[in-house]
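Input: a single structure, listed below in structure tokens.
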Amino acid sequence: MHILDGADLGADYTVAQLLGETTVRRSLDLSDLSPQEQAALVESRAINLIPSAAVLAEKIEAAHAAGRPFVVKYGIDPTSPDVHLGHAVPIIIASRFQRMGHHVVFIIGDVTAKIGDPSGRSSERPPLTDEDIARNLSGYQQQVTPFIDFERADLRFNGEWLNKVTLPELVGVLARVPVSMSLQREDFRTRLAEGHGLSVAEFVYSVVMAWDSVAIDADVELGGVDQLLNLQMCRKVMEISDQAAEVVITTPLIEGTDGSGTKMSKSKGNYVGLSASPDDVYGRLMSIPDHLTQPYLQLLTEWTDDEIRVVTKRLEEGTAHPMAVKRILAGEVVAALHGLDAAAAARAEFTARFSKRSFGDAQNIPVVSLKDHAEDALGVLISRTLGFASSVSAVRRVAQQNGLRLIVEAGGDQQTTQLTEASVQQTLGDIVGEAGPLAGAELYLKVGRKVTRIDA
RNA sequence: GGCGGUAUGCCCGAGUGGCCAAUGGGAGCGGACUGUAAAUCCGUCGGCUUAGCCUACCGUGGUUCGAAUCCACGUGCCGCCA
């Protein structure tokens with residue numbers, strides 16, 4: 001994108017133009033790329049590509065020559081109802097395969113979920129029930145819809161074939177899989193060494209999921225790097241079953257928004273949910289440390305390596321502001337999930353609320369009606385009604401630490417009054433009353449970094 | 001099945017009869033500084049009608065003027081043996 005070279009990356013119109021271009025890309029047809037170009041495009045975002053990009057290109061060519069669909073497998077573990085940006089990384093690769101004209105098959109592990117993928121686990125995890133699986137799956141498809149065209153993809157439950165596997169079949173395959181292959185895994189060895197449980201079911205998990213690859217005769221399988229060992233087992237089992245081993249592609253795990261160096265995960269709270277609101281997605285991305293901007297751009301957008309290089313260079317030279325680039329990233333992700341208009345709106349909201357610190361322009365602030373809550377004690381209102389704090393004591397603490405403020409905004413002017421701890425017990429009506437006459441002014445209540453508007 | 005160990009606040013982890021709402025670290029929260037950054041510094045971190053009161057150290061009973069701390073039983077987890 002030529003715009004990246006010279007333009008002011010902080011300007012709204014530049015960003016709008018840029019996002020417009022990348023949005024077109026997200027649905028761009030890639031089927032006219034040669035097999036080699038396709039392989040290279042995929043390789044540029046992968047950590048492992050086993051055995052090689054050349055083999056991937058050959059397989060694409062062979063499928064084309066034989067007039068059969070080229071099958072890309074992606075396994076969904078229906079263990080959590082929330083999908084976040086970390087999951088989006090391989091999904092985006094799947095989207096590219098789809099746009100290259102290939103056949104993406106999502107495998108929903110209804111049977112394997114009952115075993116529980118042991119990868120990276122330090123202890124056994126509880127198996128899921130059928131209800132869990134159904135609930136988790138229902139949200140999944142909806143959440144990845146921005147990336148995947150489900151009209152053209154397959155969604156299959158592995159119970160379809162796994163429920164029919166006979167014991168002799170299973171034993172037949174297991175007999176040819178060396179135990180050492182699983183024992184080499186560090187996570188298993190650690191668990192055994194530390195005396196944590198490891199069930200035989202978990203031990204053969206990878207063999208069971210490999211059955212999926214055999215069942216659909218996969219050409220390629222995608223997964224996060226944490227899946228590498230499982231994916232290699234898929235290759236092994238396909239060979240045992242006299243099929244051509246699939247090409248394994250692993251994608252990086254993105255670091256969490258807190259910059260702690262650990263991967264994005266729900267349990268650490270350092271994630272951006274795909275179903276989050278535009279403002280939330282934008283805000284969470286703005287809070288990532290600067291050094292994550294570049295990897296995020298690479299893994300979550302359709303930017304080319306060249307484009308990322310241009311921006312990185314400008315950052316080093318100081319001709320682009322780190323925050324401006326991060327705002328573009330935030331816009332990219334919001335545009336992907338919610339569309340261009342939402343991205344522009346989130347950008348404007350962010351500017352109004354945090355950069356100009358004028359709340360009048362901000363749209364999505366919670367509102368409290370003075371009429372309805374005049375008799376409510378402030379502390380109760382903030383903790384119960386607004387949910388800004390976990391308890392009245394917490395509100396009290398914020399007040400003690402000068403975080404509780406009443407803001408009167410009239411025209412462009414702001415007047416801030418610090419509220420004391422005593423006011424936590426006063427009613428909202430009394431506090432507003434003390435602020436004096438308010439003709440034509442807007443009232444805001446600030447609790448730490450959270451804000452609410454008070455409507456007369 | 002036998003023997004031994006262990007169980008503390010969101011997490012890790014001190015505390016072995018009163019000075020314990022409980023040391024320390026992490027997370028969280030607030031303030032300063034900023035780009036709602038990051039890093040840093042300071043503060044805070046059970047609840048409530050907050051100079052006070054209430055509920056808490058796996059559960060239930062007990063000893064004691066007084067227990068997170070001692071005893072009994074139960075439960076979970078861990079180790080060794082079978």
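Labels below follow one simple rule: chain letters A, B, ... track the order of the sequence lines, proteins then strands, and each chain is numbered from 1. Bear in mind that the values here come from a model prediction, so they are computed numbers and not experimental data.
Distance noted for atom P between B/G26 and B/U60: 34 Å (whole Å). Taking atom P in both B/C78 and B/U8, one finds a spacing of 14 Å when rounded to whole Å. Of the C1' atoms belonging to B/C19 and B/U6, the separation is 28 Å, rounded to the nearest Å. Across B/G46 and B/G28, the matching C1' atoms stand 14 Å from one another, rounded to whole Å. As rounded to the nearest Å, B/G18 and B/C29 have C1' atoms that lie 33 Å from one another. Taking atom P on both B/G9 and B/C80, the two are 27 Å apart, rounded to the nearest angstrom. One C1' atom belongs to B/A22, the other to B/G15, and the distance between them is 8 Å to the nearest Å. For the C1' atoms, the distance from B/G52 to B/G59 is 31 Å, rounded to whole Å.
Taking atom CZ of A/Arg449 as the reference point, atom P of B/U36 lies 11 Å away to the nearest angstrom. In this structure, CG of A/Asp290 is placed 15 Å from P of B/U40, rounded to the nearest angstrom. Look at CZ on A/Phe388: it is 11 Å from P on B/G30, rounded to the nearest Å. Rounding to whole angstrom units, CD of residue A/Gln426 and P of B/U49 are separated by 14 Å. The CG atom of A/Leu419 sits 16 Å away from the P atom of B/G30 (whole-angstrom rounding). Separating the CZ atom of A/Arg396 from the P atom of B/U44 is a distance of 17 Å, rounded to the nearest angstrom. Atoms CD (A/Glu421) and C1' (B/U49) sit 13 Å apart, rounded to a whole Å. Between the P atom of B/C29 and the CD atom of A/Gln401 lies a distance of 12 Å, rounded to the nearest Å.
A salt bridge links A/Arg26 to A/Glu332: one of the charged nitrogens lies within less than 4.0 Å of a carboxylate oxygen. Taking a cutoff of 4.0 Å between a charged side-chain nitrogen and a carboxylate oxygen, A/Glu307 and A/Arg25 qualify as a salt bridge. One finds no salt bridge joining A/Arg45 and A/Glu302 here, because no Lys/Arg side-chain nitrogen approaches an Asp/Glu carboxylate oxygen to under 4.0 Å.
Within the shown strands, nothing qualifies as a pairing partner of B/C19 under the Watson-Crick or G-U definition with both distances less than 3.5 Å. Across all strands shown, B/G61 pairs with B/C71; the Watson-Crick or G-U wobble distances both stay below 3.5 Å. Checking B/U36 for Watson-Crick or G-U wobble geometry (two distances, each under 3.5 Å) identifies no partner in any strand. The partner of B/G43 is B/C29, by the rule that a Watson-Crick or G-U pair needs both atom distances under 3.5 Å. With a 3.5 Å ceiling on both atom-pair distances, B/U50 lacks any Watson-Crick or G-U wobble partner. Under the Watson-Crick or G-U wobble criterion, with both distances below 3.5 Å, B/C80 is paired with B/G2.
Side-chain contact annotation: A/Arg309 with A/Thr304, donor-acceptor N/O pair under 3.5 Å absent.
Checking B/G31, B/U49, B/G30 against the side-chain heavy atoms of A/Val398 singles out B/G30 as nearest. Of the listed nucleotides (B/A38, B/G35, B/G47), B/G35 has the atom at the smallest distance from the side chain of A/His321. Closest to the side chain of A/Pro322, from the set B/A38, B/U36, B/G35, is B/G35. Ranking B/C48, B/A38, B/G46 by closeness to the A/Arg397 side chain, first place goes to B/G46.
Atom CG of A/Leu41 sits about 9.0 Å away from atom CG of A/Asp305, to the nearest 0.5 Å. To the nearest 0.5 Å, atom OG of residue A/Ser213 and atom NZ of residue A/Lys236 are 15.0 Å apart.
Among the protein residues, A/Gly448 comes within range of the sugar-phosphate backbone only, with heavy atoms under 4.0 Å from sugar or phosphate atoms but none that close to a base. The residue A/Asn402 sits close only to the backbone: its heavy atoms come under 4.0 Å of sugar-phosphate atoms, none of a base. Using a 4.0 Å heavy-atom distance criterion, A/Ser393 is classed as a base contact.
The nearest heavy atom of RNA chain B to A/Val447 and to A/Gln425 marks one nucleotide each, and the one closer to the 5' end goes with A/Val447. The residue among A/Leu404 and A/Gln400 whose nearest nucleotide of RNA chain B lies closer to the 5′ end is A/Leu404.
Between the side chain of A/Ser423 and the main chain of A/Leu419, no donor-acceptor pair closer than 3.5 Å is present.
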